[in-house]
Asker: 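First, the structure itself, so that you have it in front of you.
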Amino acid sequence: MKEKTYVQDIDRNLYDFRNEEGADTFRLQSGLTRETVEQISREKNDPEWMHDFRLRSLEIYEQMPVPDWGPSIEGLDMSNIATYVRPNTKMSASWEEVPEDIKDTFERLGIPQAERTSLAGVGAQYDSELVYHNVREEVAAQGVIYTDLESALHGEYAGMIQDHFMKLVTPRDHKFAALHGAVWSGGSFVYVPRGVKVEIPLQSYFRLNAPGAGQFEHTLILVDEGADLHFIEGCSAPKYNVANLHAGCVELFVAKNARLRYSTIENWSKNMYNLNTKRAQVEEGGVIEWVSGSFGSHVSYLYPMSILKGRGARMEFTGITFAGRGQNLDTGAKVVHAAPDTASYMNTRSISKDGGVSTFRSSVVMTKNAGGSRASVSCQSLMLDDISRSDTIPAMDIRAANVDVGHEAKIGRISDDAVFYLMSRGISEEDARAMIVSGFADNVSKELPLEYAVEMNNLIQLEMKGSIG
């Protein structure tokens, strides 16, 4: 009998519980029409400019083709997707006022505990609406604004939002950016004043509970000159036998000499189409750090983009992807060096098993103004069986002479020599393989904000087990 070893798939038991939709849950009829968009706009009490923006976005959506260059999304039929589902509650700053079924969901995911111990503020979105938003008094006292985007649309920051909303990611970028512009709902607005350093992170958590629904939250963050922020985004959903859609949007503005770390932990269920769009603009001397963990969804298209607009601006992207059975995760990062002496570094690890497909795409653009800039891309992939697949697709557009650009990619399997070496030191084959997988992911996974929520710890515990048969 031959011993088999394998990496256990991620245990999703923590995330696959679900709540039945209450009788008082408001759910728009599935499909996308002008009437749908008009109704969402009324529900949101949009200012006139936002109402008009939604309708223009819908027109663009109807004119644009479905992307045909990545994983197939044929199973996504917008006529079967409800674009707006409102739970039976209003947003609260008091955890005790959140309805018990929704509160229980976030309690089981460890969010309140994380808030009490490790976070400066938390926003919790359930389906299409934020149900909880709070920020520590000492952080608010620094002038930091952390609120839901929809409230901010009607407050003193309304002009700031109008100046920045979908200016980095425009409805014309692609079909699902246009869809987002038409039906967006929920999300957070963050403003960190000049020179303020937020010592502990802010976090938003997105839970999609409703079957056959879409989630379209919008996150807008402005980090002013010399300021510093770490923002964490977590996502999960229970598994259904119908398609769900996530088409959120993230826009980040990093001012002169400011720093923003944006960490994302995505553990969507395997019926989810994750078509998210994220983009950052970085001014002179500013820094954007992306930390990305992609562990879920049926299909993902996710490529955070950084525009290094000012001299000396920097970008770092650190990512880890795990593609198991039934998953086709197409991920990566983009960077545009639009100013002199800018720098970017991408460092990723991907693991695929049980027929999972992992594709890493990188795009590096050096404009004619990027003299003295440098870019480095490092991508390593590990396939754990002979039915999985991993691809690396780099793109480089170099239009300046005095720049330094490098790309390194490695795709392979667990080395039998490495296993033999560890076994010769008294380590079992099972433990040897576990050590190799853990070591492969370590220099990336250690960047993930594991200490902030129980949920995150479960995502990268890839345990080795052996069986006889």
Side-chain angles (χ1 to χ4, degrees), residues 28 30-70 73 76-79 81-84 125 128 148-150 152-153 157-189 206 213-222 233 244-253 262 273-281 299-307 309 330 333-334 336 338 363 365:
L28 277 184
S30 298
L32 182 63
T33 64
R34 182 185 177 97
E35 289 70 29
T36 303
V37 175
E38 291 274 16
Q39 190 166 357
I40 292 174
S41 188
R42 287 194 299 271
E43 289 287 331
K44 298 299 179 184
N45 191 28
D46 282 340
E48 184 177 358
W49 73 266
M50 180 59 76
H51 168 267
D52 295 343
F53 184 89
R54 288 185 187 274
L55 294 179
R56 287 197 305 273
S57 297
L58 176 64
E59 292 175 0
I60 295 169
Y61 171 82
E62 292 172 339
Q63 296 165 3
M64 298 189 81
V66 175
D68 60 0
W69 47 265
I73 55 175
L76 177 63
D77 183 350
M78 282 305 300
S79 65
I81 297 292
T83 54
Y84 182 71
Q125 180 157 333
S128 299
D148 67 293
L149 188 60
E150 291 162 14
L153 265 177
Y157 297 97
M160 189 181 291
I161 292 172
Q162 186 172 0
D163 289 343
H164 293 87
F165 185 86
M166 294 202 79
K167 294 298 196 298
L168 281 182
V169 179
T170 74
R172 295 193 178 277
D173 281 12
H174 56 80
K175 190 174 184 69
F176 292 96
L179 173 65
H180 176 90
V183 301
W184 76 274
S185 180
S188 296
F189 171 66
F206 303 104
Q215 194 172 55
F216 308 95
E217 81 287 343
H218 193 98
T219 300
L220 177 61
I221 300 179
L222 311 178
E233 174 187 76
N244 276 28
L245 170 64
H246 181 247
C249 180
V250 174
E251 296 184 290
L252 312 176
F253 292 83
Y262 195 93
Y273 289 83
N274 183 33
L275 310 177
N276 215 0
T277 308
K278 302 180 179 183
R279 196 161 298 168
Q281 177 177 284
V299 171
S300 276
Y301 284 62
L302 181 60
Y303 325 97
M305 180 178 182
S306 304
I307 302 168
K309 187 180 178 183
D330 201 298
K334 306 176 185 179
V336 176
S363 172
V365 177

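Computed from a prediction, not measured in an experiment: that's the story for all the values here.
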Asker: Using every non-hydrogen atom in the two residues, find where Thr170 and Ala177 come nearest and quote the distance to one decimal.
Answerer: O-CB, 3.6 Å
Asker: Calculate, to the nearest 0.5 Å, the distance between atoms NE2 and CG belonging to His218 and Asp148 respectively.
Answerer: 13.5 Å
Asker: Taking all non-hydrogen atoms of both residues, which atom of Cys249 and which atom of Val169 are closest, and how far apart?
Answerer: SG-CB, 3.7 Å
Asker: Does the cation-pi check pass for Lys278 over Tyr303, that is, NZ or CZ under 6.0 Å from the six-membered ring centre and within 45° of its axis?
Answerer: no
Asker: Rounded at 0.5 Å granularity, tell me how far CG in Asn45 sits from CG in Leu153.
Answerer: 10.0 Å
Asker: Kindly compute the distance separating CG (Leu222) from CE (Met160), expressed to the nearest 0.5 Å.
Answerer: 6.0 Å
Asker: Looking at Asn276, Leu275, Thr277, which hits side-chain contact (heavy atoms from CB on, under 4.5 Å) with Phe176?
Answerer: Leu275
Asker: Are Tyr301 and Trp69, when compared by the centres of their aromatic rings, separated by less than 6.0 Å?
Answerer: yes
Asker: Going by the ring pair (Phe, Tyr, Trp, His ring centres under 6.0 Å) test, name the single residue among Trp184, Tyr157, Phe189, Phe253 that passes it with Phe165.
Answerer: Trp184
Asker: To the nearest 0.5 angstrom, please state how far the CD atom of Gln63 sits from the CD atom of Glu59.
Answerer: 7.0 Å
Asker: Under a 4.5 Å cut-off applied to non-hydrogen side-chain atoms, are Glu38 and His51 in contact?
Answerer: yes
Asker: If you round to the nearest 0.5 Å, how far is CD1 of Ile73 from OH of Tyr273?
Answerer: 8.0 Å
Asker: What's the shortest heavy-atom distance between Ala182 and Ser57, and which atoms?
Answerer: N-CB, 3.5 Å
Asker: Taking the side chain as every heavy atom from C-beta outward, state whether Val37 and Leu32 have any atom pair closer than 4.5 Å.
Answerer: yes
Asker: So which heavy atom on Leu252 is nearest to which on Leu168, and how close?
Answerer: O-CD1, 3.4 Å
Asker: Please say whether more than 12 non-hydrogen atoms of neighbouring residues, nucleotides or ligands are located less than 6.0 Å from NZ in Lys175.
Answerer: yes
Asker: In this structure, which one of Met166, Arg56, Met64 forms a side-chain contact (heavy atoms from CB on, under 4.5 Å) with Pro171?
Answerer: Met166
Asker: How long is the gap from OG1 on Thr83 to CE on Met78, to the nearest 0.5 Å?
Answerer: 6.5 Å
Asker: Kindly give the heavy-atom pair with the smallest separation between Gly186 and Lys44, and that separation in Å.
Answerer: N-NZ, 4.5 Å
